[in-house]
Q: 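Pasting a structure below so you can have a look.
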Amino acid sequence: MIEFTLSERDQAQLDRTREAALICRKYARYHDENEGDFPPDELPEAAEFYANQKPLPEASADDTAPPVMMALQSIGQFWGDYSVRVRRTGTGGLGNAALSAAGTPEQQKKWSGLTLSMAITEPGCGSDPSMVSTSAVLDGDEWVLNGEKIFVTTGIRAQGVVLWATIDKSAGRAGIKSFLVEKGTPGFEVPYKEKKLGIRADDTAVYVFKDCRIPRENLLGLDESISKKTSGGFRGVMKTFNMTRPMTAAMGLGLAKAALDFTRDELTAAGVALEYGSGLGSQTAVAEKFMRLEGLYEASELATLYCTWMAGQGLPNNMESSVCKAHAGSAVRAITQGCIELLGPMAISRDHLLEKWMRDCRITDIYEGTGEIQRLIIARGLFDYTREDLK
Amino acid sequence: MISFGPTEEQEMVRDAMRDFAEQAVRPIARECDEASEIPADFLQSVWDLGLTSTQIPESYGGGGEERSSVTNAMILEELAFGDATLAAAATSPSGFANAIVDQGSEDQKKTLLPLFCTEKFHAASLAIVEPGAIFDASRPRTVAEPKDDSFVLSGAKTLVPLGDRASHFLVTARNGDALDAFVVARDAEGLTISEPELNLGLKGLITVGLELERVEIPKTARLGGDAGADVRRILDGSRVALSALMLGVSRAVLDYCVPYAKDRVAFDEPISKKQAIAFRLSDMHIEQEAMRLMVWKAASHLEKGLDVSRVAHLTRGYCAEKSLWVTDNGIQTLGGHGFIREHPVEMWFRNARTLGVLEGLIAV
Ligand SMILES: Cc1cc2nc3c(=O)[nH]c(=O)nc-3n(C[C@H](O)[C@H](O)[C@H](O)COP(=O)(O)OP(=O)(O)OC[C@H]3O[C@@H](n4cnc5c(N)ncnc54)[C@H](O)[C@@H]3O)c2cc1C
């Protein structure tokens, strides 16, 4: 059935998320202004927060499916802050998603306890991962890695990396494989952290590999063949995007929602009436524009939830994951930038978080495939085109 | 629960409507637009599907099926994929009938609902839009003054669908500070019905203007009788319905542009291989998907009896903006050919611009 209500348990879960988010928000500004200072793995409030947690109502048939809840919780969490967490639990690096999608059972067992970053992007290649030039050369029973990776999310905190490298540059995409590399392996260096417009508390790092040797069995999925048909490793990893893209959208939406909530409160306090259901002629320009931004948010949130719902149903959601990512990428830019316009000069003050949310969410339309790349994917789907037909 | 899964029944209805739209709606759409007229036998053929009567309770002669706003929104999307004008015309009696089912007094139900339960197409219409700039459906200029055992209605309405043949009108009016609606029979004294209006879009749908010159109607003609009615809910339902039509039109444009772009060659390759075109069609796809999800959510809230004013308002605003964008860019995708009436895209553009500023007309 098509419906959009929350069960008691859903609501209780989101209330918890919100409580945690409010705690994180207290630290948001500090970590934005002190880029070198990582948010701790645990905030001072953590012990009390977890000790006082009310038990959740019993599960029921009316509960929302887990992937959809995950997206909603992500929205709730990022509504608090992009990077600060009450307590960091689990692994949750991008590389972990790739490991569970493409790793062999032995690899999963050995590596899943580590936080794994994912390093695709290089100084000379971003949107087109088939241009990866970091190389892996088999030498006896070891791969020898050479190259440079940039913009690696969780690059500092991660204990290991899923590294994209080519084993045969002339083979293009078919030659690209993913490798599991542990931090501390000789020849694997992390020279510095990037300085960014936003999400400054996120550790985005540079990785350098210089004759870095790893065991042969660290090839993710263990498929060494270079035939076009079996470029399964590449495909397998690309598939992880079908769940990470909606989650990325959700992260941006959390920030956009924070911006909308803040703006609504400020506008209301300033006496702006939001009359839903009244005609254009009865609205102030400010109210009308604000409602448009709200509509944009609603649409984007629904597209994101829809995509995760499909994942939960086991339905292919390649198009939908690009749809929600593209939609959210544009929407969160328009929403946060628009909120600043609506509130005027007060909004640019660093006394408030709005300007930070605008900077933070600017990343949504860039990583995990830019808006343009999502539109390429959608267009290929519409026209039934291959990569060669449209690029 | 948040869920996007249509029921089996909804899937069946949707598929059936998709076929109907393809076979019976799309082929006559252009003719109706050019002639500013819809053949009576088309309206009758939709009537025969029972869309209106099945949702009326058995005790008043209907099919007694529970009404699902989501299903109705799906039906509207499909019909509007065929043609929004024909979809609006065929379902406009439901807008009136559903308002009576939901909010009519017992007396109103007894006298009015059986009209929709015969085998012959029967028109009755929502009369909500008013002439002049700065129209606001929630603040009508038409007023209802209580007088002894009656109300006296004064004002004007426009864009009343099928007003040339409607037996009754549900006229919204200000009653003191309250928003109310009144059932006015076609032959009420003081009511003048204009000749068919000439509009930009939805041309096949005959609309009329109403002049209400101190039209005196009994107190019992107030929707809901003494208890009154929640007229905003009718407006909400109509916003969702109009949004579903805008969605259907947008999907029609995308569906038309994809093969066209693959086929049309410029500078040695299909224009679909140019990103300026390809990305635009991607955006059309993104927006029609977003519109559908918004329509579903608003319809579901209506169906569950939840407060829907905000969601319906946002949905309508979104669909109006995006369907206009989609249809406008549909024309651009065809270039000069998009401007020529041989292709349906210019008609869809006019229809989207028209739907985007309307209120009332139909409701889910
Ligand atoms: C904070 C942050 C975190 C990141 N985290 C990670 C990470 O963890 N791991 C990782 O591997 N990468 C990560 N990235 C990299 C990110 O995925 C890339 O920056 C992104 O994919 C774009 O690549 P690029 O920067 O090289 O831009 P380019 O590829 O140079 O693109 C420049 C512009 O050209 C457009 N463009 C490119 N190709 C096309 C085309 N075919 N058609 C139309 N337009 C096109 C792009 O959309 C963009 O607008 C991160 C980046 C940032 C900023």
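Throughout, protein chains are lettered first and strands after them, A, B, ... in sequence-line order, and every chain is numbered starting at 1.
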Q: Is it the backbone or the side chain of A/L296 that comes under 4.5 Å from a heavy atom of chain B, or both, or neither?
A: both
Q: Check each atom of B/P259 against the heavy atoms of chain A and say whether the ones under 4.5 Å are side chain, backbone, both or neither.
A: neither
Q: Taking every heavy-atom pair that is under 4.5 Å apart, which of B/E269, B/H285, B/K274 has the most such pairs with chain A?
A: B/H285
Q: Please classify the contact of A/M319 with chain B as side chain, backbone, both or neither, using a heavy-atom distance under 4.5 Å.
A: side chain
Q: Which atoms of B/A299 come close to chain A, meaning under 4.5 Å heavy atom to heavy atom: side chain ones, backbone ones, both, or neither?
A: neither
Q: Where on B/L235 is there a heavy atom nearer than 4.5 Å to chain A: the side chain, the backbone, both, or neither?
A: neither
Q: Is chain A contacted by the side chain of B/A278, its backbone, both, or neither, given a heavy-atom distance below 4.5 Å?
A: both
Q: Below 4.5 Å, heavy-atom pairs only: which of A/E301, A/Q313, A/E372 has the largest tally toward chain B?
A: A/E372
Q: In terms of heavy-atom proximity below 4.5 Å to chain B, should A/D63 be classed as side chain, backbone, both, or neither?
A: backbone
Q: Look at B/K322, B/Q10, B/M294 and state which one has the largest set of heavy-atom pairs under 4.5 Å with chain A.
A: B/M294
Q: May I ask you to decide if A/L302's main-chain N or O and B/K297's side chain share a donor-acceptor pair within less than 3.5 Å?
A: no
Q: For each of A/M1, A/M291, A/E3, tally heavy-atom pairs with chain B at distances under 4.5 Å, and name the one with the top tally.
A: A/E3
Q: Find the distance between OG (A/S278) and CZ (B/R232) and round it off to the nearest 0.5 Å.
A: 6.5 Å
Q: Out of A/G277, A/A379, A/S330, A/A299, return the one with the most heavy atom pairs under 4.5 angstrom to chain B.
A: A/G277
Q: Using heavy-atom distances under 4.5 Å, tell me whether B/I277 contacts chain A through its side chain, its backbone, both, or neither.
A: neither
Q: Which residue out of B/A137, B/A261, B/S68, B/S300 racks up the most heavy-atom pairs below 4.5 Å with chain A?
A: B/S300
Q: Under 4.5 Å heavy-atom distance to chain A, tell me which part of B/E321 shows up: side chain, backbone, both or neither.
A: side chain
Q: Going through the distances and angles, do A/W309 and B/I2 end up as a side-chain contact (heavy atoms from CB on, under 4.5 Å)?
A: CA-CA 9 Å; A/W309 178 83; B/I2 294 180; over 6 Å; no
Q: B/E359 versus chain A, heavy atoms under 4.5 Å apart: side chain, backbone, both or neither?
A: neither
Q: Would you indicate whether the side-chain heavy atoms of B/S272 and A/Y385 approach each other to under 4.5 Å?
A: yes
Q: Would a 4.5 Å heavy-atom cut-off, applied to side chains only, mark A/F4 and B/V311 as touching?
A: no
Q: Step by step, would you call A/E298 with B/T315 a side-chain contact (heavy atoms from CB on, under 4.5 Å)?
A: CA-CA 9 Å; A/E298 280 282 325; B/T315 299; over 6 Å; no
Q: Counting only non-hydrogen atoms closer than 4.5 Å, does B/E303 touch chain A with its backbone (N, CA, C, O), its side chain (CB onward), both, or neither?
A: side chain
Q: Tell me, out of A/L382, A/T5, A/V323, A/I378, who's got the most heavy-atom pairs with chain B below 4.5 Å.
A: A/T5
Q: More than 12 non-hydrogen atoms from neighbouring residues, nucleotides or ligands closer than 6.0 Å to CG on A/D265, yes or no?
A: yes
Q: Sort B/V70 into side chain, backbone, both or neither according to what part of it lies under 4.5 angstrom from a heavy atom of chain A.
A: side chain
Q: Looking at CG of B/L293 and CD of A/E320, how far apart are the two atoms once the value is rounded to the nearest 0.5 Å?
A: 9.5 Å
Q: Does a side-chain N-to-carboxylate-O contact under 4.0 Å join A/E275 and B/R310?
A: no
Q: With a 4.5 Å heavy-atom cut-off, do B/M1 and A/S7 have their side chains touching?
A: no
Q: Rounded to the nearest 0.5 Å, what separation is found between the OH atom of A/Y306 and the CH2 atom of B/W296?
A: 5.0 Å
Q: Would you mind checking which part of B/D283 comes under 4.5 Å of any heavy atom in chain A, side chain (CB onward), backbone (N, CA, C, O), both or neither?
A: side chain
Q: Keeping B/H313 on the side-chain end and A/Y276 on the backbone end, is there a donor-acceptor pair under 3.5 Å?
A: no
Q: Any side-chain heavy-atom pair from B/I286 and A/Q374 closer than 4.5 angstrom?
A: no
Q: Where does B/R280 contact chain A at under 4.5 Å (heavy atoms): side chain, backbone, both or neither?
A: neither
Q: Below 4.5 Å from any heavy atom of chain A, which atoms of B/M74 appear? Answer side chain, backbone, both or neither.
A: side chain
Q: Relative to chain A, which segment of B/F4 carries a heavy atom at a distance below 4.5 Å: side chain, backbone, both, or neither?
A: both
Q: Given the rule in the side-chain contact (heavy atoms from CB on, under 4.5 Å) test, do A/R292 and B/L314 qualify, once you have shown the distances and angles that lead to the verdict?
A: CA-CA 7 Å; A/R292 264 178 210 242; B/L314 299 182; over 6 Å; no
Q: Could you check which of A/D10, A/L72, A/L280, A/L390 has the highest count of heavy-atom pairs closer than 4.5 Å to chain B?
A: A/L390
Q: Between A/L376 and B/Q275, is there a side-chain heavy-atom distance shorter than 4.5 Å?
A: yes
Q: Any carboxylate oxygen within less than 4.0 angstrom of a Lys/Arg side-chain nitrogen, looking at B/K273 and A/E388?
A: no
Q: Quick check on B/E11: does its CD atom have over 12 non-hydrogen neighbours (other residues, nucleotides or ligands) under 6.0 Å away?
A: yes
Q: Any idea which of A/G295, A/G381, A/G281 has the most non-hydrogen atom pairs under 4.5 angstrom with chain B?
A: A/G295
